[in-house]
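What you see is a predicted model, and the numbers here were worked out from it, not measured in a lab. Both backbone and side-chain heavy atoms feed into the values below; hydrogens, waters and symmetry mates do not. Chain letters run A, B, ... following the sequence lines, proteins first and then strands; every chain starts at 1.
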Number of protein chains: 2
Amino acid sequence: MVQNKSVIFLASPTEYPVPGEHFAVETRELNAELKENDVLVRNLYLSLDPYMRGRMRDSHVKSYVPSYPIGQPVSGGGVSEVTESKNPAFPIGSIVTGMVGWEEYTLVSGGQGLRVIPNARDSKIPLSAYIGVLGMPGMTAYSSLKIIGQPKAGETIFISAAAGAVGQLVGQMAKKLGLRVIGSVGSDDKLDFLLKELKFDAAFNYKKGSILDNLKAAAPQGIDIYYENVGGEQLEAALDVLNIHGRIVACGMISQYNTPNPYGVKNLMNIVGKRITMRGFIVSDFAEQCGADFAKDVGTWLVKGEIVYKEDIAVGLDNAPDAFVGMLQGKNFGKQVVKVADL
Amino acid sequence: MVQNKSVIFLASPTEYPVPGEHFAVETRELNAELKENDVLVRNLYLSLDPYMRGRMRDSHVKSYVPSYPIGQPVSGGGVSEVTESKNPAFPIGSIVTGMVGWEEYTLVSGGQGLRVIPNARDSKIPLSAYIGVLGMPGMTAYSSLKIIGQPKAGETIFISAAAGAVGQLVGQMAKKLGLRVIGSVGSDDKLDFLLKELKFDAAFNYKKGSILDNLKAAAPQGIDIYYENVGGEQLEAALDVLNIHGRIVACGMISQYNTPNPYGVKNLMNIVGKRITMRGFIVSDFAEQCGADFAKDVGTWLVKGEIVYKEDIAVGLDNAPDAFVGMLQGKNFGKQVVKVADL
Ligand SMILES: NC(=O)c1ccc[n+]([C@@H]2O[C@H](COP(=O)([O-])OP(=O)(O)OC[C@H]3O[C@@H](n4cnc5c(N)ncnc54)[C@H](OP(=O)(O)O)[C@@H]3O)[C@@H](O)[C@H]2O)c1
Ligand SMILES: NC(=O)c1ccc[n+]([C@@H]2O[C@H](COP(=O)([O-])OP(=O)(O)OC[C@H]3O[C@@H](n4cnc5c(N)ncnc54)[C@H](OP(=O)(O)O)[C@@H]3O)[C@@H](O)[C@H]2O)c1
């Protein structure tokens with residue numbers, strides 16, 4: 001019997017998840033009996049994303065994604081190699097992306113949700129990009145900035161969590177489109193990255209000084225778009241500084257995910273007086289409308305070196321729980337992935 | 001010299017305005033020297049609207065409408081008779097609507113913003129309607145429900161301040177369009193009015209019991225549109241109960257206008273997970289897009305008796321300050337106007 005190291009979901013946290021208490025590494029036996037259309041994959045890279053924190057909830061709380069079943073591996077996006085297959089669409093040896101467990105091997109029933117990465121073995125693009133800039137976080141940035149943000153040259157955008165998986169692409173796209181780009185981050189290293197590598201026009205560390213004062217200083221003409229990754233105090237500051245007909249791209253509110261005491265936003269009346277539109281979305285909403293353009297545009301920019309994309313790669317499944325908690329706490333510098341195995 | 005009784009703005013309140021302290025009745029001499037295109041009107045009805053509270057602010061605070069100058073009459077929408085005119089568009093004796101002072105006579109420089117009500121003297125429609133259901137509040141309800149609410153038959157809408165100037169038309173329009181209509185109000189009289197006269201499907205008094213529990217009970221299938229007049233706790237409850245792809249028509253947040261301690265809304269993450277769109281507006285934004293349809297549709301409904309419209313008429317300028325404060329406190333039952341003089 002093959003052994004399969006996995007990260008198992010144990011219990012719902014109310015604050016930050018604690019490795020060993022809410023999820024833990026365990027080795028189980030692999031039961032790999034493939035039925036018609038099933039595919040067995042060997043996982044190479046796993047994507048660690050904030051929304052997974054939302055899946056670590058009590059199963060009776062409804063949400064747009066199902067909660068993780070207790071006692072089963074945590075799951076999410078990954079890049080994997082097909083090692084056994086009863087599905088002609090996914091021959092042995094092909095490299096795929098899709099939803100897999102945090103484990104060495106995943107049996108993907110019916111091959112559901114898998115997508116072959118063409119020419120993956122010869123590509124200059126690193127495989128991890130397919131769960132980053134060319135994957136879900138990239139698509140999130142690209143589609144929502146376009147569709148909800150409605151960016152126009154000369155406007156100003158403010159992006160929170162601006163050095164992260166989503167934020168760094170939003171900022172670079174906005175620069176390409178001729179916007180003035182402002183970002184907030186939680187460390188001075190990330191600040192340097194925004195200003196020096198990504199060429200943001202202004203940026204600040206939200207842990208130093210007043211967020212509102214920092215934002216006002218960075219945006220003397222106000223902002224036209226707030227790309228919302230964080231929520232709470234940063235949203236409140238953005239509402240104060242937004243211009244008439246401003247847009248809020250409501251992508252996420254990570255400051256609210258790990259606390260039982262959510263922040264109360266007190267100045268929503270700005271939405272009326274300044275005719276602001278705040279719109280939430282889930283990346284899959286835009287797949288049809290934007291998927292093809294996304295792959296083409298971002299693929300081209302990447303290959304031409306017109307954008308950069310920073311990844312933070314933890315090595316080994318054993319490190320996945322800590323890397324996940326670290327990402328929630330801002331210890332990641334760029335898109336957080338876990339490298340499970342070499343190709 | 002003609003004497004002109006007026007309501008003068010004296011000082012900015014931080015909570016509810018106090019008659020005598022923040023605004024007061026005073027009689028001044030009328031200086032009616034008309035220049036080319038000027039019009040002198042005798043005011044018949046004045047519209048008392050929540051946004052005027054926002055104009056009673058310190059002049060250095062920016063907003064979408066200018067602050068009232070201290071020592072000048074409070075101003076707002078009115079219905080008036082032209083008594084002197086150097087403007088061929090507004091002959092003596094014509095009945096007009098426009099922005100006037102809270103005073104017996106207003107000199108309208110250049111006739112700016114005035115509009116003649118055709119056949120006003122013979123109309124079956126009461127003159128006060130032109131500052132209510134056929135005026136700004138009616139246009140507010142009509143345009144924003146259509147454009148932002150995007151109502152579809154079979155959906156459910158929840159309206160706060162549902163018996164008010166805006167709310168009562170929103171509710172009746174939504175019924176016409178085949179929606180399930182839920183309203184909240186601050187008294188049991190208003191509750192009866194919603195259920196018995198306006199035929200709402202459900203309603204509750206937000207002062208009795210938990211707002212969230214009341215809303216959940218009234219909307220077992222959730223709501224698709226929240227027509228937001230109130231803000232604070234009602235917005236929070238609506239966010240919890242909204243369905244996927246729900247819309248919030250951000251018309252106003254009156255619960256926040258008269259307090260230095262705004263309510264903090266803690267569950268905005270619902271906007272992301274449920275892909276909610278919350279959009280603010282000012283009625284004038286929609287004039288071009290909706291003005292003609294509004295006048296035609298609402299005029300027809302009114303004449304045919306397909307909608308009702310409750311007004312609360314205070315008599316005499318002396319009673320305007322109390323009526324204004326009463327409206328902010330929910331003492332009005334229907335659209336609050338002041339009758340200044342008979343035609
Ligand atoms: N709607 C969708 O479909 C969709 C899809 C993908 C992602 N998202 C959302 O997009 C946001 C960013 O996701 P991502 O994948 O790009 O993650 P990420 O930015 O790479 O990583 C999360 C970052 O959030 C910041 N953060 C954590 N706690 C914070 C706090 N209390 N206050 C301020 N910042 C905090 C940290 O950066 P600092 O060091 O700067 O604090 C951390 O690095 C998240 O809210 C996520 O839920 C939504
Ligand atoms: N965006 C725009 O262009 C525009 C245009 C017009 C109006 N508005 C807004 O629309 C809303 C309704 O205006 P309206 O003219 O129709 O006024 P209204 O409803 O006729 O009168 C105001 C009503 O608000 C309710 N209210 C007052 N304080 C409250 C509180 N703390 N909590 C809950 N309800 C409270 C009271 O009703 P209860 O007895 O039910 O408490 C009161 O009767 C206001 O927010 C106004 O600012 C916006």
Side-chain angles (χ1 to χ4, degrees), chain A residues 50-51 53-55 57 61-65 140 144 147-148 222 228-233 235-236 239-240 242-257 259-286, chain B residues 50-51 53-55 57 61-65 140 144 147-148 222 228-233 235-236 239-240 242-257 259-286:
Chain A
Y51 80 87
R53 175 62 184 81
R55 300 193 62 180
R57 66 180 189 276
V61 181
K62 277 199 301 183
S63 178
Y64 64 98
V65 274
T140 298
S144 62
I147 295 175
I148 302 179
E228 163 68 306
N229 285 319
V230 164
E233 212 180 330
L235 172 55
E236 208 165 65
L239 282 165
D240 273 346
L242 269 158
N243 293 327
I244 282 180
H245 296 304
R247 286 85 67 196
I248 300 177
V249 186
C251 177
M253 301 190 180
I254 196 169
S255 71
Q256 308 299 297
Y257 298 173
T259 170
N261 303 311
Y263 186 92
V265 173
K266 290 169 224 70
N267 60 350
L268 291 165
M269 185 58 196
N270 279 303
I271 291 180
V272 180
K274 297 197 285 199
R275 296 93 133 172
I276 290 166
T277 300
M278 177 169 189
R279 181 174 161 198
F281 72 99
I282 299 299
V283 52
S284 51
D285 297 346
F286 297 142
Chain B
Y51 79 88
R53 175 62 184 80
R55 300 193 63 180
R57 66 180 188 276
V61 182
K62 276 200 302 184
S63 179
Y64 63 100
V65 276
T140 298
S144 62
I147 294 175
I148 303 179
E228 164 68 307
N229 285 318
V230 163
E233 212 180 330
L235 173 55
E236 209 165 65
L239 281 164
D240 273 346
L242 270 158
N243 293 327
I244 283 180
H245 297 302
R247 286 85 67 196
I248 300 177
V249 186
C251 177
M253 300 189 180
I254 196 168
S255 72
Q256 308 299 297
Y257 298 173
T259 169
N261 303 310
Y263 185 92
V265 174
K266 289 169 225 71
N267 60 349
L268 291 165
M269 184 58 196
N270 279 304
I271 291 180
V272 180
K274 297 197 285 199
R275 296 92 133 172
I276 290 166
T277 299
M278 177 168 188
R279 181 174 162 198
F281 72 99
I282 300 299
V283 51
S284 49
D285 297 346
F286 297 141

Inset, instruction - Could you tell me which portion of Asn261(A) (side chain, backbone, both or neither) has an atom closer than 4.5 angstrom to a non-hydrogen atom of chain B? - result: neither
Inset, instruction - Locate the shortest heavy-atom distance separating Arg275(B) from Phe281(A); write the atom from each residue and the value. - result: CG-CA, 3.7 Å
Inset, instruction - Measure Leu268(A) against the heavy atoms of chain B and call it side chain, backbone, both or neither at under 4.5 Å. - result: both
Legend entry - When Gly232(A), Ser63(A), Gly231(A), Cys251(A) are compared by non-hydrogen pairs under 4.5 Å with chain B, the top option: Cys251(A)
Legend entry - chain A contact via Asp285(B) - which portion, at a heavy-atom distance below 4.5 Å: side chain
Legend entry - Contacting moiety of Ile271(B), where chain A heavy atoms sit under 4.5 Å: both
Inset, instruction - First locate atom CD1 of Ile276(B), then atom CZ of Arg279(A), and finally report the distance between them rounded to the nearest 0.5 Å. - result: 12.0 Å
Legend entry - Contact summary for Pro262(B) and Lys266(A), nearest pair of heavy atoms: CB-O, 3.5 Å
Inset, instruction - Give the member of Val272(B), Val65(B), Leu235(B) that has the highest number of heavy-atom pairs under 4.5 Å with chain A. - result: Val272(B)
Legend entry - Engaged part of Tyr51(B) at the chain A interface, taking heavy atoms whose separation is under 4.5 Å: neither
